[in-house]
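Worksheet for the structure shown next.
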Amino acid sequence: MPVITLPDGSQRSYSEPVTVEKVAADIGPGLARAALAGKVDDRLVDTSYVIDRDASLAIVTDKDPQGLEIIRHSTAHLLAHAVKQLYPDAQVTIGPVIEDGFYYDFSYSRPFTPEDLEKIEARMRELAKADHKVHRREMPREEAVEFFKNQGEHYKAEIIASIPDGETISLYGQDDWVDLCRGPHVPSTGKLRAFKLMKIAGAYWRGDSRNEMLQRIYGTAWPDEKSLKAYLTRLEEAEKRDHRRIGREQDLFHFQEEAPGAVFWHPKGWTLFQTLIAYMREKQRAAGYQEVNAPEIMDAELWQLSGHLEKFGENMFLTQTPDERTYAIKPMNCPGHIEIFKQGLRSYRDLPLRYCEFGKVHRYEPSGALHGLMRVRAFTQDDAHVFITEDQITEETVRGIELLMSIYRDFGFDDVLVKFSDRPEKRVGSDEIWDRAEAALEEAARAAGIEYIVNRGEGAFYGPKLEFVLKDAIGREWQCGTWQVDLNLPGRLGAHYIDAQSEKRTPVMLHRAIFGSLERFIGILIEHHAGRLPTWLAPVQAVVLNITDKQADYVRQVTQTLQNQGLRVSSDLRNEKVGFKIREHTLQRVPYLLVAGDREAGSNSLAVRTRDGKDLGAIPVETVAAKLAEEVASRGRTRMEV
RNA sequence: GCCGGCUUAGCACAGUUGGUAGUGCGCCUGAUUUGUAAUCAGGGGGUCGGGGGUUCGAGUCCCUCAGCCGGCACCA
């Protein structure tokens with residue numbers, strides 16, 4: 001006699017066990033059609049699930065986030081179903097739901113081609129149209145392993161073997177096809193209406209590069225065609241803000257074959273780069289950091305001593321010189337800073353001692369990892385190392401994180417995700433040291449009042465770290481800042497200070513970066529703003545345009561005036577129509593276009609137009625200058641247009 | 001590094017079953033002196049990513065190297 005409680009609190013009683021499907025139908029035919037699954041006492045189940053006791057029930061439809069997940073999961077099954085029909089020799093492995101879609105990994109004798117993808121998708125549409133019923137059954141583990149082995153599905157058999165004892169093993173079938181799956185799934189394939197296969201890629205079995213490479217097919221699925229279309233449009237929009245494309249269009253930088261993973265900065269890109277450095281210099285100076293500069297190339301022996309060669313060696317560039325010495329090009333700045341610290345005798349009174357450097361480091365990254373400015377082999381860090389005593393860790397961390405967050409706010413990044421990465425497999429130092437370092441960082445993070453997620457085993461080889469991940473305008477995450485406690489390197493490289501009892505002590509070193517890599521940070525800024533950099537960062541903040549040759553002298557003079565006030569302004573005196581010039585500079589995303597015709601030249605003013613096409617009318621030159629300067633100084637918190 | 005795809009003029013792209021390269025924009029020259037997202041006309045420009053091979057003949061087919069793109073693995 002199950003009594004079923006619905007989300008609105010209403011109850012329905014049944015005289016015998018009843019399926020989710022039946023309850024939905026009793027509520028209404030529309031809901032019955034829309035039902036994808038049920039939630040019985042908060043547990044997701046199929047619509048065919050039989051309720052045999054009192055329970056709460058919610059019908060899951062495509063309006064629910066969970067309904068969408070089920071659609072995606074079932075579409076992954078539909079994909080595998082189609083693949084098995086077309087390529088019976090292919091073996092299935094796993095097919096999870098991911099953000100915006102799903103994938104399924106197959107083992108097959110040859111890679112799938114784009115033509116295969118079309119065929120598979122066409123077959124999926126046929127299978128969906130046929131509206132095959134989806135059914136579930138359970139099977140004892142041994143039987144299930146046998147079942148899949150007999151079908152030649154060795155990967156599936158392996159997966160089942162690794163399912164913990166006591167867990168139910170369920171199989172889902174539709175038409176002539178059966179897969180191992182936890183479920184739940186849509187009641188029939190006809191519920192899958194809007195999907196598209198996106199791309200083929202290789203992926204290692206169980207994510208391990210020592211294993212076989214499988215064929216992964218990515219797809220996307222949505223409740224309806226409209227959402228699918230919207231998603232595809234969103235992808236196109238994201239492509240338009242790709243920093244590699246904008247970098248070329250706006251003439252900021254380029255890459256070329258001879259220097260894979262290394263940037264050629266053009267004048268405008270370098271202006272942006274220098275603007276960031278100037279900003280950071282000022283912030284750090286105010287926060288008590290002293291800028292230093294250490295050699296790019298140092299004898300490999302130093303890197304041997306620090307442990308870099310052993311733990312980081314495969315990422316390092318080495319160079320042999322005519323004098324037959326081996327040098328390493330620095331992949332990190334820390335050893336250099338320790339060497340500076342070691343000069344002379346340090347007192348505890350000198351601590352905290354904060355060294356910073358815009359150090360250019362080189363790391364030999366695997367070729368497949370390179371990606372525009374986001375992942376390069378030569379990059380500039382806004383690196384700093386703070387030498388302190390062990391009991392200063394918390395206080396210094398609180399200060400440091402405050403600075404870091406205030407800087408992110410200046411760039412409009414309010415959404416910062418923090419990760420705590422603890423001891424990695426490849427590390428130096430005893431477990432006792434790591435225990436202390438991790439505990440100290442944890443306590444400091446608590447004192448700084450930040451929330452974080454734990455990233456097991458992802459720390460640096462010398463110490464645990466907090467990683468600061470920024471979210472850009474379209475929701476992508478980028479790791480930028482880092483804050484690390486290091487109880488290892490200062491000792492390894494022989495750094496000391498004299499404490500209050502005249503004892504020689506080894507300092508603790510904090511490693512930190514805020515932008516992380518200037519290169520990456522610029523890439524993020526470009527994508528975050530879709531190339532429309534805020535005025536304080538824009539390489540060209542305004543362009544002054546004449547209408548005819550008659551105003552050329554006026555334009556030259558005004559441009560000079562604005563430049564003299566430290567603004568990055570250029571002029572465009574070309575013999576072209578204003579419309580033409582406006583279009584060009586608008587496409588270049590120059591924040592302000594300052595038009596000078598006879599009227600403006602006669603009244604010492606400029607007609608101001610924004611890159612968004614807003615006409616601010618004629619404004620006296622000195623007002624333009626003052627407002628621009630204010631906008632720059634406030635980092636966009638005040639705007640010329642308001 | 002691994003899997004797949006791609007590489008033709010500065011940029012975006014065409015190039016049919018192998019028969020000695022095209023279009024648009026940009027660029028250059030000239031005309032035009034123009035009021036807020038493209039003025040008109042003419043002109044120049046490519047060892048088809050590098051190397052090797054098959055062929056009477058290769059941008060098109062094969063091998064190889066590199067770079068790039070999408071994933072995977074790895075990471076700021």
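Within every chain, numbering begins at 1; the chains are lettered A, B, ... in the order of the sequence lines, protein sequences first and strands thereafter.
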Closest to the 5' end of RNA chain B, once D242(A) and G597(A) are matched to their nearest nucleotides, is G597(A)
List for me each residue that meets side-chain contact (heavy atoms from CB on, under 4.5 Å) alongside T275(A), sequence neighbours excluded, and say none if there are none. T271(A), L537(A), R568(A)
Using the salt bridge (Lys or Arg N to Asp or Glu O under 4.0 Å) criterion, which residues pair with R244(A)? Sequence neighbours excluded. D242(A)
Looking only at the side chains, is there a donor atom on one of Q484(A) and Y462(A) sitting less than 3.5 Å from an acceptor on the other? yes
Applying ring pair (Phe, Tyr, Trp, His ring centres under 6.0 Å) to Y408(A) and not counting sequence neighbours gives none
Is any N or O donor-acceptor pair between the side chain of D615(A) and the base of U36(B) shorter than 3.5 Å? no
ring centroid sep under 5.5 Å plus plane angle under 30, Y218(A) with G71(B): no
Could one point to a donor on the side chain of R375(A) or the base of C74(B) with an acceptor on the other under 3.5 Å away? yes
Across the strands shown, which category fits R244(A) at heavy-atom distances under 4.0 angstrom: base, sugar-phosphate, nothing? sugar-phosphate
With sequence neighbours left out, what residues match Y104(A) under ring pair (Phe, Tyr, Trp, His ring centres under 6.0 Å)? F106(A)
Whole angstroms only, please: what is the NZ-P distance between K550(A) and U33(B)? 13 Å
Donor/acceptor link under 3.5 angstrom from Q256(A) side chain onto base of A66(B): no
By the 4.0 Å heavy-atom rule, please label V376(A) as base, sugar-phosphate, or nothing. base
Contact under 4.0 Å: Q479(A) side-chain N or O vs A76(B) OP1/OP2: yes
Filtered N/O pairs between nucleotides 4-12 of chain B and protein, under 3.5 Å:
unit_1 : atom_1 : unit_2  : atom_2 : d
A12(B) : OP1    : R248(A) : NH2    : 3.3

If the condition is ring pair (Phe, Tyr, Trp, His ring centres under 6.0 Å), which residues does Y218(A) pass it with, not counting sequence neighbours? Y103(A)
Polar side-chain contact Y364(A)-G1(B) base: donor and acceptor under 3.5 Å: no
With a 3.5 Å cut-off and just heavy-atom distances, do the side chain of E365(A) and the base of G1(B) make a donor-acceptor pair? no
Scan H371(A) against the nucleic acid and name what it touches under 4.0 Å (heavy atoms): base, sugar-phosphate only, or nothing. sugar-phosphate
Does F379(A) reach a base, just sugar-phosphate, or nothing at all? Heavy atoms under 4.0 Å. base
